[in-house]
Participant: 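Okay, handing you the structure first.
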Amino acid sequence: MSGEQDHWLRQKREIQAYNTFFSALSARADPCLAAHGFEAPVEFPRIEGQREGVAAHPDFLLYDGSVFLLVEIKQGTNIEDRHIEQMEECNRVGIERAETYLTDSEVQEKTSYDGNVDQIETCIVYEGIDEEYLEKCRNEWDNCREKLEQLEEETAILTQGRGESLRLLTGEFNSTRLQSRFEGGIDLPVNPKTEFVVTESWEKECLAVAISHTWGHQAASGPVQISASDIRSHFAPRHAVPMGRIKRVLHFLNEIDACSEVDDEEETYLYEFTVDHMQAILDIEQTVSEQSVEDYLMEDDQTDLDSFFDEDSDDEDNEDDDTQ
């Protein structure tokens, strides 16, 4: 599969990596992080820095009433410059900023903790990099070694895998408790529960798959109608998916005959899934693996971009930035 065609496979693996890591908080893990007091009150946080325009946005924030742990999840076998930059951003978060963020996120209502922070820690977790890869990176590949050493200066580096363990590869935590816990490793389940179905940046292919799986499959038992607002509410508050993006994906699903647009005088972007759409629904992963949603919509001017601008400021100019 070429670089132009692997967009869905990358998204799928990214989502799987989220679910693998999140399973470390569940009773399926041994020992589970929750048993050690850690909770995940916020996923995909954005923590503003001291300077305007600078923010840390890791994949997970774990908190145990004292330690504020920022976690970045990666899949694949490349250490990239962007990974180093992301951890630098996380390391700029100070205790005062962390406590303010917990207060703003209403962590006191979500957990049994009061929002006090004694220590800030960071780590990056790779699904695809292990001890063998690290040895080759350090001893055989000059460019890889340079990036590894830069990353080690910024954060602890962990590895994970389904049916394997979440464990420390290199680097250090300042917390001796975290250092000990991850050096010992956490055994992870072979089949983690699916808690996440879209990527951090709400890419259109994974949204199309998630909508088809969540509502399309229900059509086997009878017609299902869903609006763009319903879908947005379903993903909130974990994912603040822009309305313009949801409308665009629904239009795509309508174009490939995975659903039908319902005449709606109130213009709530109402769509219906029925048994007649089932083949397209079942084929959705294959469809988006062969061609991206955006490429399909732009082909032969099938859609007018201006028609998808959102009235509540989730406009298409900003929502199409899928960088991580």
Participant: Mind checking whether Thr20 and Val125 have side chains closer than 4.5 Å, heavy atoms only?
Facilitator: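 Side chain of Thr20 against side chain of Val125, heavy atoms only: no contact under 4.5 Å found.
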Participant: Just checking Tyr126 against His83, ring centres under 6.0 Å apart?
Facilitator: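 Yes, close enough.
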Participant: Which of parallel (below 30°), tilted (30 to 60°) and perpendicular (above 60°) describes His277 and Phe273?
Facilitator: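 The rings of His277 and Phe273 stand perpendicular, inter-plane angle above 60°.
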Participant: Does Ser165 form a side-chain hydrogen bond (donor to acceptor under 3.5 Å, both in side chains) with Arg167? I'd like the steps, not just the answer.
Facilitator: CA-CA 6 Å; Ser165 66; Arg167 62 189 184 278; 3.0 Å; yes
Participant: Passes ring pair (Phe, Tyr, Trp, His ring centres under 6.0 Å), Phe196 versus Phe44? Steps please.
Facilitator: CA-CA 11 Å; Phe196 299 88; Phe44 310 118; 5.8 Å; yes
Participant: Which pair of non-hydrogen atoms, one from Val288 and one from Ala208, has the smallest distance, and what is that distance?
Facilitator: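 Taking Val288 first and Ala208 second, the nearest heavy atoms are CG1-CB, 4.4 Å.
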Participant: If I compare all heavy atoms of Cys123 with all of Met87, which pair ends up nearest, and what's the gap?
Facilitator: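 That would be O-CE, 3.5 Å.
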Participant: Answer yes when Glu89 and Arg92 have at least one side-chain N-carboxylate O distance shorter than 4.0 Å, and no when they do not.
Facilitator: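 Answer for the salt bridge query: no.
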Participant: Provide the closest heavy-atom pair for Arg138 versus Arg145 in the form atom of the first, atom of the second, distance.
Facilitator: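 Minimum heavy-atom contact is O-CD, 2.9 Å.
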Participant: State whether a side-chain donor-acceptor pair under 3.5 Å links Glu183 with Gln179.
Facilitator: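 Gln179 and Glu183 do have a side-chain donor-acceptor pair below 3.5 Å.
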Participant: Is there a side-chain hydrogen bond (donor to acceptor under 3.5 Å, both in side chains) between Ser227 and Asp230 once you walk through the steps?
Facilitator: CA-CA 5 Å; Ser227 71; Asp230 293 333; 3.0 Å; yes
Participant: Identify the residue among Thr170, Ile124, Asp81 that makes a side-chain contact (heavy atoms from CB on, under 4.5 Å) with Leu151.
Facilitator: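 One option only clears the test, and that one is Ile124.
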Participant: Would you kindly say whether Glu127 and Gln16 are connected by a side-chain donor-acceptor distance under 3.5 Å?
Facilitator: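 No, because no side-chain N or O of Glu127 sits under 3.5 Å from a partner of the opposite role on Gln16.
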